[in-house]
Amino acid sequence: MKRLFAAPLAAALALCALPALAEPVKVVATFTILGDMVRQIGGDEVAVTTLVGPDGDAHVYEPTPADAHALGAANLVVVNGLGMEGWIDRLVKASGYKGPVTVTSTGVKPIAGEEEHGDHGHEDHDHGHGAYDPHAWQSVANAKIYADNILKGLVAAAPDKAAVLRVNHAAYEAKLDAVEAEINAALKPIPRKDRKIVTSHDAFGYYGKTYGVTFLAPVGMSTEAEASAGDIARMIRQIKKEKIKAVFVENIADPRLLEQISRETGARVGGRVYSDALSAADGPAATYVDMMRHNLQQFTKALAPAS
């Protein structure tokens, strides 16, 4: 009888002696691009809540009580910075969150924002981000800086998970290297003078600076901006003068303005591109790497010389 109960009892005692399974790090990311990067690096070690969802516009987002609750339960908050999330400080205060905040753009060399570029004809609108363009992730080199900052934030929040986080980070950096090489190779055959693209709003400044593409937009860096009649007229004249081939509607933008410009210039409306938000999981830009590949395909299709 003693032998009958001895084995189950020993097994139960052994189970009790095992350390409890570590809980995943609860991370709140402000929008989908950052949420994806956290998942790529954190893997199974993180549970990510993304505030602004697929195809959502972080420029005009209005936080909800559920967002405040999510922050209150978080171990780490991940934001873009550079003025992208004008609402985040209020949300952090409302939630009572006192934990660490990782600013992913830390270390990025920012390019001038609307205040430095001029008024864009929108002097009656309070829509600017300020001194810097916040869309730094549009350069893969900057995305690597984002990934480094996310790794540091996760390791600080969960030092016991550091080894696996660093392995995940190295694998993700290899993916970023691969897509960066693809962008450079695909654009190389296209003369720089022909690399001119019109998009819904001015979100591709870092892409343009890094990869030698000229982006034009009828409105500024925030989708809160409204294009004036003068802006549109100037854009139409420039498209005609420079023989720009295509205009692109972003997933977060109202397509009607670019459709009007297309009708008046003859430039075709190209495929939808992704700037500030990823697509849903079943879409063409479900991850940051997918987004960069999809946009590259759309851009090169429009820019490639006629055969």
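Here, residue 1 is the first one in the sequence, and each next residue gets the next number. From a predicted model like this one, the values you see are computed outputs, not experimental measurements.
For K144, the NZ atom counts as densely surrounded, since its 6.0 Å shell holds more than 12 non-hydrogen atoms of other residues, nucleotides or ligands. Summarising the local packing, CG of D160 is surrounded by more than 12 heavy atoms from other residues, nucleotides or ligands at distances under 6.0 Å.
For the atom pair NZ (K196) and OG1 (T214), the distance works out to 6.5 Å, reported to the nearest 0.5 Å. The distance from atom CD1 of I88 to atom OG of S95, rounded to the nearest 0.5 Å, is 8.0 Å. T30 OG1 to M84 CE: the interatomic distance, rounded to the nearest 0.5 Å, is 7.5 Å. Note that CD of E173 and CD of Q40 are 13.0 Å apart. Values are rounded to the nearest 0.5 Å. How far OH of Y288 is from CG of D36: 10.0 Å, rounded to the nearest 0.5 Å. Expressed to the nearest 0.5 Å, how far CD1 of I183 lies from CG of L296 amounts to 5.5 Å.
Judged purely by atom type and a 3.5 angstrom limit, N75 uses its side chain to pair as donor or acceptor with the backbone of K26. When atom types are taken as modelled, the side chain of R195 and the backbone of Y211 share a donor-acceptor pair closer than 3.5 angstrom. Here the side chain of H294 pairs a donor or acceptor atom with the backbone of R272 at under 3.5 angstrom. With hydrogens and angles ignored, the 3.5 Å screen pairs no side-chain donor or acceptor of W137 with any backbone N or O of S105. In this structure, T50 contributes its side chain and G53 its backbone to no donor-acceptor pair below 3.5 Å.
Of all heavy-atom pairs between G56 and A277, the closest is O-CB, 3.2 Å. Taking all atoms of both residues into account, the shortest heavy-atom contact from L165 to A158 is CD1-O, 4.4 Å. Here the closest non-hydrogen pair linking V289 and L176 is CG2-CD2, 4.1 Å. Residue E85 comes nearest to N80 through the heavy atom pair OE2-N, 2.7 Å, listed as atom of the first residue, atom of the second, then distance. Closest approach of V28 and A74 over heavy atoms only: CG2-CB, 3.8 Å. The shortest heavy-atom contact between P110 and Y206 is CA-OH, 3.4 Å.
Using the six-membered ring where Trp is involved, Y207 and F215 have ring planes that are perpendicular, over 60° apart on the 30 and 60° scheme.
The only option from I41, V27, I145 that meets the side-chain contact (heavy atoms from CB on, under 4.5 Å) definition with I150 turns out to be I41. Looking at L151, V79, L154, V78 one by one, the single match for side-chain contact (heavy atoms from CB on, under 4.5 Å) with T102 turns out to be V78.
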Q: Show your working on side-chain contact (heavy atoms from CB on, under 4.5 Å) between V92 and L71 and close with a plain yes or no.
A: CA-CA 7 Å; V92 168; L71 258 69; 3.7 Å; yes
Q: Would you check, one step at a time, whether the test ring pair (Phe, Tyr, Trp, His ring centres under 6.0 Å) holds for F299 with F204?
A: CA-CA 12 Å; F299 293 153; F204 290 91; 5.7 Å; yes
Q: Evaluate the side-chain contact (heavy atoms from CB on, under 4.5 Å) criterion for residues K209 and Q138: first the C-alpha distance (whole Å), next the side-chain angles of each, then the deciding distance (0.1 Å), finally the verdict.
A: CA-CA 10 Å; K209 185 173 183 179; Q138 289 293 346; over 6 Å; no
Q: Applying side-chain contact (heavy atoms from CB on, under 4.5 Å), run through H135 and D276 and close with a yes or a no.
A: CA-CA 7 Å; H135 306 89; D276 295 21; 3.2 Å; yes
Q) Under the side-chain hydrogen bond (donor to acceptor under 3.5 Å, both in side chains) criterion, do E180 and N184 qualify, and how do the steps go? A) CA-CA 6 Å; E180 186 175 44; N184 287 321; 5.2 Å; no
Q. Are M37 and I33 close enough, and set up right, to give a side-chain contact (heavy atoms from CB on, under 4.5 Å), and what steps lead you there?
A. CA-CA 6 Å; M37 290 181 175; I33 292 167; 4.2 Å; yes
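You'll find the side chain of R39 stays beyond 4.5 Å of the side chain of T287, heavy atoms only. E45 is not listed as a side-chain neighbour of V25, based on a closest heavy-atom distance of 4.5 Å or more. Side chains of D57 and F31 form no contact here, defined as non-hydrogen atoms less than 4.5 Å apart. The shortest side-chain heavy-atom distance between L82 and D133 does not fall under the 4.5 Å cut-off.
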